[in-house]
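Reading through the structure tokens given below for one structure.
Here is how names work: the chains are called A, B, and so on, in the same order as the sequence lines, proteins then strands, and each is numbered from 1. Here the structure is a predicted model, which means the values were calculated and not measured.
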There are 2 protein chains.
Amino acid sequence: MDLPSPDTRTRILDAAAALLRRHGPDKLTVLDVAKRLGMSHGNVYRHFPSKQALRAAVAEEWLSDVTAPLALIAAGEAAPPSRLREWLAALAVIKRRKVLEDPEMFAGFHRVASESPEVIAAHVAHLVDQIAAILAAGKADGTLPGVAAPQDDARAVLVATARFHHPDLVRDGGNAATAEAELSRITTLLLRGLGATAVA
Amino acid sequence: MDLPSPDTRTRILDAAAALLRRHGPDKLTVLDVAKRLGMSHGNVYRHFPSKQALRAAVAEEWLSDVTAPLALIAAGEAAPPSRLREWLAALAVIKRRKVLEDPEMFAGFHRVASESPEVIAAHVAHLVDQIAAILAAGKADGTLPGVAAPQDDARAVLVATARFHHPDLVRDGGNAATAEAELSRITTLLLRGLGATAVA
DNA sequence: GCGATGACATAAAACAGATATTGTCATTTC
DNA sequence: GAAATGACAATATCTGTTTTATGTCATCGC
């Protein structure tokens, strides 16, 4: 996978991420990346087959910032129904915070990510797997008896809450409290749909 | 509302819609609209305060093509749960068909519509009202006992199915059969969440 | 030999002058 | 006198040109 020196590869990646942060996606050139590292731009192509691949790698790293904290929740001890609720709320909060903190940077990274469908697909698959794990646990311990096929139901849950995490929709998000209440309502519907009783 | 002759106003609107269809949103100029009608462009401004307003009016008309058939279903005789399912499926089919028929035209009209937030808001409110009517009926006849506040629940249902009708998401829609199955699954979850029993 | 270079052809983006469009209004027409 | 015109300033868009970036490769140094 990483036949060329992984060290310089990382340095290139970090430099690219820094430039993306500073100047936005349109100004990210491999010439500048090389300049910043004091190397020839031709050499960047020894480590990444194309500018596209470099951008995809940067996006991948950025997306892992989103999934990492969620993995902790998914693997947690809480009862599956409340774990799912917590997980969905956390995903929404993370996305919302990223948008509000720096909309331009969010848009920049999102644009880069959306140019690499396979990176997006992997990210989504990752999220679906985390939900599926929660649903499977709920099916096993009887707290979510309505779960039929964890993977399919997980995808359904993720899709049904797209409004709160899909980049194109989070952008024009409106009031935070309203959005939170709306997510909570949808979560409740989904949990009851999955057979949960005594939903908070 | 229509102090100026409603006849010429309509002619302008139709001409604008025709040009939008033919040449796309970027090529829609009020100069061309006027030329097509054999009038001066200045006169268009007697009937529409700005190009933006003209575009909004065109978008409004276009969106009513979506809501009209749905209104029939919402006002139908079917039992509320299956009526809701039918309504959501119909909305998805309408949107999907519009995208597939002519993606460029869809994108064009969508761009025009998205430039007029108040037109969008009215459209969404219209859809929410239709769902709310179904939910209220289900609450009344006991087939959807889980309905708490019809308006809020209606909005939740619409948001949860955004994947299947929101222009930005319908666009990259993938396989039709897969999407249909996914919508059906989400619909089932929502119906059960609203208290429906014996969901098909 | 491996990592790196820099010159090169090709493709994309930035620029600036020319052209077209938006929106206003005093004037015209019927 | 309401509906329409056409000339107008300000703004946006197009077009052809120059500049810059991407990606390749023969060559270099260690």
Side-chain angles (χ1 to χ4, degrees), chain A residues 1-59 104 107-108 111-116 118-119, chain B residues 1-59 104 107-108 111-116 118-119:
Chain A
M1 249 327 159
D2 42 15
L3 296 169
S5 161
D7 189 34
T8 36
R9 190 183 187 278
T10 306
R11 289 202 311 139
I12 293 171
L13 210 65
D14 291 349
L19 287 176
L20 182 58
R21 252 174 250 280
R22 183 179 300 272
H23 301 297
D26 296 330
K27 287 292 186 181
L28 178 63
T29 72
V30 345
L31 218 62
D32 285 346
V33 171
K35 199 181 299 170
R36 173 178 249 259
L37 295 171
M39 63 172 63
S40 70
H41 83 275
N43 191 40
V44 172
Y45 286 91
R46 293 201 71 72
H47 298 273
F48 293 90
S50 69
K51 182 186 182 179
Q52 187 72 5
L54 173 56
R55 288 161 73 112
V58 171
E104 264 183 60
R111 265 227 354 240
V112 168
S114 63
E115 283 163 3
S116 310
E118 73 288 349
V119 170
Chain B
M1 250 330 156
D2 41 16
L3 296 171
S5 161
D7 189 33
T8 36
R9 191 184 187 278
T10 305
R11 289 201 311 138
I12 292 171
L13 210 64
D14 290 350
L19 287 176
L20 181 58
R21 251 174 250 282
R22 183 178 299 273
H23 301 297
D26 295 330
K27 288 292 184 182
L28 178 63
T29 72
V30 345
L31 217 62
D32 285 346
V33 171
K35 198 181 299 170
R36 172 177 249 259
L37 295 170
M39 64 172 63
S40 70
H41 84 275
N43 191 41
V44 171
Y45 284 91
R46 295 203 72 72
H47 298 273
F48 293 91
S50 69
K51 183 187 181 180
Q52 187 73 4
L54 173 56
R55 288 162 72 113
V58 171
E104 265 184 60
R111 263 224 0 234
V112 168
S114 63
E115 283 163 4
S116 309
E118 73 288 349
V119 170

(message) If you assign A:S50 and B:N43 each to the DNA chain D nucleotide with the nearest heavy atom, which residue ends up on the more 5' nucleotide?
(response)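 So the residue in question is B:N43.
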Atom [atom1] of [X] and atom [atom2] of [N]: how far apart are they, to the nearest Å?
{"X": "B:D32", "N": "D:dC14", "atom1": "CG", "atom2": "C1'", "value": "15 Å"}
{"X": "A:H23", "N": "D:dA21", "atom1": "NE2", "atom2": "P", "value": "12 Å"}
{"X": "A:R9", "N": "C:dG3", "atom1": "CZ", "atom2": "C1'", "value": "16 Å"}
{"X": "A:D26", "N": "C:dA13", "atom1": "CG", "atom2": "P", "value": "8 Å"}
{"X": "A:M39", "N": "D:dG29", "atom1": "CE", "atom2": "P", "value": "19 Å"}
{"X": "B:L37", "N": "D:dT5", "atom1": "CG", "atom2": "P", "value": "10 Å"}
{"X": "A:L54", "N": "D:dT22", "atom1": "CG", "atom2": "P", "value": "10 Å"}
{"X": "A:L19", "N": "D:dA21", "atom1": "CG", "atom2": "P", "value": "12 Å"}

(message) Would the base of D:dG23 count as contacting A:H41 through its side chain, where contact means a donor and an acceptor less than 3.5 Å apart?
(response)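 It does, because a donor-acceptor pair links the side chain of A:H41 to the base of D:dG23 below 3.5 Å.
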(message) By nearest atom, which of the nucleotides D:dC14, D:dA4, C:dT22 is closest to the B:T8 side chain?
(response)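 Closest nucleotide among those given: D:dA4.
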(request) Among the candidates C:dT22, D:dT22, D:dT5, find the nucleotide nearest to the side-chain atoms of A:L31. (result)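 Shortest atom-to-atom distance from the side chain points to D:dT22.
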(message) Can you tell me if A:H47 touches the phosphate of C:dA4, counting only side-chain N or O atoms and a distance under 4.0 Å to OP1 or OP2?
(response)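 So the side chain of A:H47 is within the cut-off, an N or O lying under 4.0 Å from OP1 or OP2 of C:dA4.
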(request) Kindly give the heavy-atom pair with the smallest separation between B:L54 and B:A16, and that separation in Å. (result)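 Between these two residues, the closest heavy atoms are CD1-CB, 4.0 Å.
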(request) Indicate, with a heavy-atom threshold strictly under 4.0 Å, whether A:S40 touches base, sugar-phosphate, or nothing. (result)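 Result for A:S40 = base.
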(message) Go through it in stages, so that I can follow the logic: the residues are A:R111 and A:R55, the test is side-chain contact (heavy atoms from CB on, under 4.5 Å), and I'd like the CA-CA distance, side-chain angles, deciding distance and then a yes or no.
(response) CA-CA 10 Å; A:R111 265 227 354 240; A:R55 288 161 73 112; 4.2 Å; yes
(request) Answer yes or no: is there a donor N or O on one side and an acceptor on the other, between the side chain of B:E118 and the main chain of B:A56, under 3.5 Å? (result)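 Such a contact is absent between B:E118 side chain and B:A56 backbone.
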(request) Measure from the side-chain N and O atoms of B:K27 to the backbone N and O of B:R22, and report whether any donor-acceptor pair falls under 3.5 Å. (result)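 No.
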(request) Give a yes or no on whether a salt bridge exists between A:K35 and A:D32, defined as a side-chain N under 4.0 angstrom from a carboxylate O. (result)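 Yes.
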(request) Could you check A:V44 against A:K27 and say which one's nearest nucleotide on DNA chain C is further toward the 5' end? (result)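 First, find each residue's nearest nucleotide; the 5'-ward one identifies A:V44.
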